[in-house]
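The figures here come from the full heavy-atom set of this structure, side chains too, leaving out hydrogens, waters and symmetry mates.
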Amino acid sequence: MSIRKAIWGDNFEAIEQNLREVDPDLYAYIRDFAYEEVLARPGLDLKTRELLAITSLIALGAPKEIATHLEGALRNGATEQEVRETIIQSALFVGFPNALGAMKTFHALLRKRQATGE
């Protein structure tokens, strides 16, 4: 299975289309290098890679991307508690405002998943 599909799940088609529309060349780099080379490397499982991505995206203040990778973490075996702890841990090093924003995004994701029975 594609790493992108494993992370993006049912959002696969929409995310692919959105990235292609932004710029086809940039999309190709993201697809080929970021997802199918770096994230597919041995040494770390996808759950761990997603938790690391969450921390990095919190540091960058990238809320839309955080939402994608919060879902990806849960989809790849992270528990709700592991995601919460990742967000809380990040607050120490990258700041409470960004961590708070990520936690709000995570709560919204959990409510959505509960409403849809996921």
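With hydrogens and angles disregarded, no donor-acceptor distance shorter than 3.5 Å links the side chain of Asn18 to the backbone of Ala14. A donor-acceptor contact shorter than 3.5 Å is absent between the side chain of Asn11 and the backbone of Thr68.
Rounded to the nearest 0.5 Å, atoms OG1 (Thr79) and CG (Leu74) are 8.5 Å apart. To the nearest 0.5 Å, atom CD1 of residue Ile66 and atom CG of residue Asn98 are 7.0 Å apart. His69 contributes atom NE2, which lies 14.0 Å from atom OG1 of Thr86 (distance to the nearest 0.5 angstrom). Here the straight-line distance linking atom CG of Leu44 with atom CG of Leu52 works out to 6.5 Å at 0.5 Å rounding. Distance CD/Glu85 to CD/Gln81: 5.0 Å, rounded to 0.5 Å. Here the straight-line distance linking atom OH of Tyr29 with atom CG of Asp23 works out to 10.0 Å at 0.5 Å rounding.
No chain of hydrophobic side-chain contacts below 4.5 Å, direct or via other Ile, Leu, Val, Met, Phe, Trp or Tyr residues, connects Ile30 to Leu60. The hydrophobic cluster containing Phe12 also contains Leu26, counting ILVMFWY residues as joined when their side-chain heavy atoms lie under 4.5 angstrom apart, directly or transitively. By the criterion of side-chain heavy atoms lying less than 4.5 angstrom apart, applied directly or through intervening Ile, Leu, Val, Met, Phe, Trp or Tyr residues, Ile88 is grouped together with Phe106 in one hydrophobic cluster. Ile3 and Phe33 fall into different hydrophobic clusters, defined by Ile, Leu, Val, Met, Phe, Trp and Tyr side-chain heavy atoms under 4.5 Å apart, directly or through other members. By the criterion of side-chain heavy atoms lying less than 4.5 angstrom apart, applied directly or through intervening Ile, Leu, Val, Met, Phe, Trp or Tyr residues, Leu51 is not grouped with Trp8; the two fall into different hydrophobic clusters.
Considering Glu50, Glu71, Arg49 in turn, Glu50 is the only one that fulfils the side-chain contact (heavy atoms from CB on, under 4.5 Å) rule with Ile7.
Shortest non-hydrogen contact noted between Ile87 and Ala99 is CG2-O, 3.4 Å. Val94 and Ala59 make their closest contact through CG1-CB, 3.4 Å (heavy atoms, listed as atom of the first residue, atom of the second, distance).
Inspection of the Tyr27 and Glu21 side chains reveals no N or O donor paired with an N or O acceptor under 3.5 Å. Side chains of Gln17 and Glu13: no donor on one and acceptor on the other come within 3.5 Å. Under 3.5 Å, the side chains of Ser2 and Glu36 contain a donor-acceptor pair of N or O atoms.
Geometrically, Arg4 does not engage Tyr35 in a cation-pi contact, judged by NZ or CZ lying under 6.0 Å from the ring centre and within 45° of the ring axis.
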task = Would you sort out whether Arg84 and Glu80 count as a salt bridge (charged side-chain N to carboxylate O under 4.0 Å, His left out), showing the intermediate values?
result = CA-CA 6 Å; Arg84 287 179 185 279; Glu80 180 180 332; 2.8 Å; yes
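Counting only heavy atoms from C-beta outward, the side chains of Leu109 and Thr105 never approach each other to under 4.5 Å.
Using a cut-off of 4.0 Å between Lys/Arg side-chain N and Asp/Glu carboxylate O, Arg20 and Glu16 are scored as salt-bridged.
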